[in-house]
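The structure appears below as structure tokens.
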Amino acid sequence: MLTLIKDARVLTLDEADGEHLRADILIRGDTIEAVAPDLTAEVTTDGVRVIEAAGKLAMPGLVNGHFHSPANFMKGALDNWPLELFMLYEVPPLMREVVSARFAYVRTMLGAMEMLRQGVTSVHDDCFFVPVVTQTEVDNVMQAYEDAGIRATVTLDQPNVVEHAKYPFLKDLLPPRLRQRMEAVPLMSDGELLAHYKGFLERWHGRAGGRLRCAVSCSAPQRVTPSYFKALGALARERDLPYNMHILETRLQRVLGEVNYGKSLIRYAHESGVLNEQAMVIHAIWIDEDDLALLADSGCSIAHNPVSNLKIGSGIMPFRRLRQRGINVCLGNDEAATDDGVNLWTVGKVAGLVHNVADPDFDRWPLPLEILTALTSAGARAMRLPRPTGRLAPGWQADIILLDLDSFAFTPLNDLKRQLVYCENGSSVTTVMVGGRIVVENRGLLTVDEDALKQEARLLAGEFAGYMARCKSAADELEPHYRRMYRQALATPIGLNRWAGPMTP
């Protein structure tokens, strides 16, 4: 089937940074065939779907480079705490119950719908499970993405070591009774998790015409056994899958590396043979020069989550140093709990601003084109898609959005790229196409009943409230000891600073 997007203003975000004040986009099936002015004469009108786009901007769909869909119900649910205390209440180590199948489906769908409405056409979902991975929950997550029509690459993010091994000092700080309870929590073995991955890949990898894909995740190097850490790396290399790993998100994790491993966690990943082009390193805030060199040499990608980093006080990632080394940096929400929303446009704006207070040399501040690239093709590159997306160019997948240039974000229109980064919030998006299929038209979802699903999400709020109550109950007893651990790590010198403060005097 041929589709012609006609008379749009076109921002290609291709290698030449092409822009057309008025042009057409010809799409054959799921692939862009041509981008140029006046393509109408080259196609007959018979059997061609024409999208009149005068007054609209056509650009690549956004790519959410890092996301945790299991937190989709958690907007505004948790306080602004450091990650180590935050996670204690989000994924408490003493939790024993799984969510219902329908809850997992609706929860995933809630985020997918919100992203699509804002022009996000692809998401890299590092999907975690509490307390264990089950096929039922996995299948409902993936079914939601299939039904929504979004492009999704999804992992099974499941730690498999005792909780106190993930942190410095914690084992000695815990009273014996709590330590024993923690050590009695059942953990999934390497074999069990790898068996889940085998089934996951067989059932879902490449489904929906290639729109759904699988990736692997260790959550973080310190959260899994060394053997599983390496086994996932072997699987990622064998199948050319992204390998998600949260590394040096917080200052405490820098301390952890030195105390528990005698080295940076980046170096630990390198020496384990998993820091390579498949690696999706998430956060990379508390890195030093040695880490930078290892990251650059590896060919990895890095997911930058600036709103999450601000919410939980993780610090400011050294964006310019990473980019100067040629490292691929994409942008992500992280999750609705640390973003208190699922708006990737906000992430782009914050990324364009927060680094300005980390470096007085304004020539090193992020440029709008860098941010737009990080929001599109950089995220797609990190997903290791077999066919490229994130640019409007011949041969690239037709993941395209149209924005209304008559909206307030572009009135008056002074500089298109700046206003996309600093003015747009997603409300200008009118049409969303994923792989040549229109999934949002006239600002309405075509794939699912949005109103019915939002109503069902509200009805499931009782189940979620019960879940959060169990989380709090499981975490409250541990909280004072985690707080002491955090303070002890804070008092441990590391020779790095990634915070904007404290202000002195």
(request) Answer whether the closest heavy-atom distance between the side chains of Ser308 and Glu335 falls below 4.5 Å. (result) no
(request) Give the intermediate values and the outcome of side-chain contact (heavy atoms from CB on, under 4.5 Å) for residues Tyr243 and Phe229. (result) CA-CA 10 Å; Tyr243 187 175; Phe229 189 45; 3.1 Å; yes
(request) Using the test side-chain hydrogen bond (donor to acceptor under 3.5 Å, both in side chains), find all partners of Asp14 that sit at least two apart in sequence or belong to another chain. (result) Thr12
(message) If you compare all heavy atoms of Ser314 against all heavy atoms of Trp286, which two are closest, and at what distance to 0.1 Å?
(response) O-NE1, 2.7 Å
(request) Could you please spell out the steps behind the ring pair (Phe, Tyr, Trp, His ring centres under 6.0 Å) verdict for Phe73 and Phe103? (result) CA-CA 10 Å; Phe73 267 63; Phe103 185 90; 4.7 Å; yes
(message) Which heavy atom of His20 sits nearest to which heavy atom of Pro37, and what is that distance?
(response) ND1-CD, 4.4 Å
(message) Before you tell me yes or no, could you show the steps for Lys311 and Asp339 under salt bridge (charged side-chain N to carboxylate O under 4.0 Å, His left out), namely the whole-Å CA-CA distance, both residues' side-chain angles and the distance that decides it to 0.1 Å?
(response) CA-CA 7 Å; Lys311 161 86 174 181; Asp339 192 292; over 6 Å; no
(request) Could you check Val10, Leu402, Leu420 and say which one makes a side chain to side chain contact (heavy atoms under 4.5 Å, CB included) with Leu57? (result) Leu420
(message) Checking side-chain polar atoms at under 3.5 Å, does Arg49 have a donor or acceptor matched by the opposite partner on Thr3?
(response) yes
(request) List the atom of Arg211, the atom of Ile150, and the distance in Å for their closest heavy-atom pair. (result) NH1-O, 2.6 Å
(message) Any heavy-atom pair between the side chains of Met468 and Leu78 that's under 4.5 Å?
(response) yes
(request) Kindly state whether the ring of Phe319 and the ring of Trp365 have centres lying under 6.0 angstrom apart. (result) no
(request) Apply the test side chain to side chain donor-acceptor pair (under 3.5 Å) to residues Thr250 and Glu84: give CA-CA distance (whole Å), side-chain angles for both, the deciding distance (0.1 Å), then the verdict. (result) CA-CA 9 Å; Thr250 69; Glu84 292 75 23; 2.7 Å; yes
(request) Please determine which of Ile327, Ile247, Ile282 meets the side chain to side chain contact (heavy atoms under 4.5 Å, CB included) test together with Ile302. (result) Ile327
(message) Are Phe200 and His205 an aromatic pair, judged by ring center distance below 6.0 Å?
(response) no
(request) For Asp415, look at atom CG and say whether over 12 heavy atoms of other residues, nucleotides or ligands are found less than 6.0 Å away. (result) yes
(request) Could you walk me through whether Gln397 and Arg151 pass the side chain to side chain donor-acceptor pair (under 3.5 Å) test, one step at a time? (result) CA-CA 11 Å; Gln397 292 188 96; Arg151 192 179 303 284; 3.2 Å; yes
(message) Run Val448 and Met113 through side-chain contact (heavy atoms from CB on, under 4.5 Å) and show every step you take.
(response) CA-CA 9 Å; Val448 295; Met113 292 190 301; 3.8 Å; yes
(request) May I ask you to check whether Asp157 and Ser219 show a side-chain donor-acceptor distance below 3.5 Å? (result) yes
(message) I need the full list of salt bridge (charged side-chain N to carboxylate O under 4.0 Å, His left out) pairs touching residues 115-131, with sequence neighbours left out, sorted by first then second residue.
(response) Arg117-Glu450
(message) I'd like to know if the side chain of Asp147 pairs up with that of Gln143 as donor and acceptor (distance under 3.5 Å, no hydrogens or angles considered).
(response) yes
(message) Here's a test for you: under side chain to side chain contact (heavy atoms under 4.5 Å, CB included), which of Leu375, Val347, Leu344, Thr121 qualifies with Asn64?
(response) Leu344
(request) Check step by step if salt bridge (charged side-chain N to carboxylate O under 4.0 Å, His left out) holds for Asp399 and Arg387. (result) CA-CA 11 Å; Asp399 292 358; Arg387 297 179 55 215; over 6 Å; no
(message) The test is side chain to side chain donor-acceptor pair (under 3.5 Å); show your working for Asn333 and His68 and say whether it passes.
(response) CA-CA 9 Å; Asn333 283 112; His68 295 293; over 6 Å; no
(request) State, to 0.1 Å, how close Leu392 and Leu11 come at their nearest heavy-atom pair, and which atoms those are. (result) CD1-O, 3.7 Å
(message) Please give me the minimum heavy-atom distance between His196 and Val133, naming the atom from each residue.
(response) NE2-O, 3.5 Å
(message) Is it the case that over 12 heavy atoms from other parts of the model lie below 6.0 angstrom from the CZ atom of Arg203?
(response) yes
(request) Please determine which of Lys75, Lys454, Arg107 meets the salt bridge (charged side-chain N to carboxylate O under 4.0 Å, His left out) test together with Glu114. (result) Lys75
(request) Mind listing the closest non-hydrogen atom pair of Ser217 and Tyr228 along with its distance? (result) O-OH, 4.4 Å
(request) Mark yes when over 12 heavy atoms from residues, nucleotides or ligands other than Arg443 sit less than 6.0 Å from its CZ; otherwise mark no. (result) yes
(request) Kindly state whether the ring of His66 and the ring of His124 have centres lying under 6.0 angstrom apart. (result) no
(request) Give a yes or no on whether the backbone of Gly206 and the side-chain of Arg213 come within a donor-acceptor separation of less than 3.5 Å. (result) no
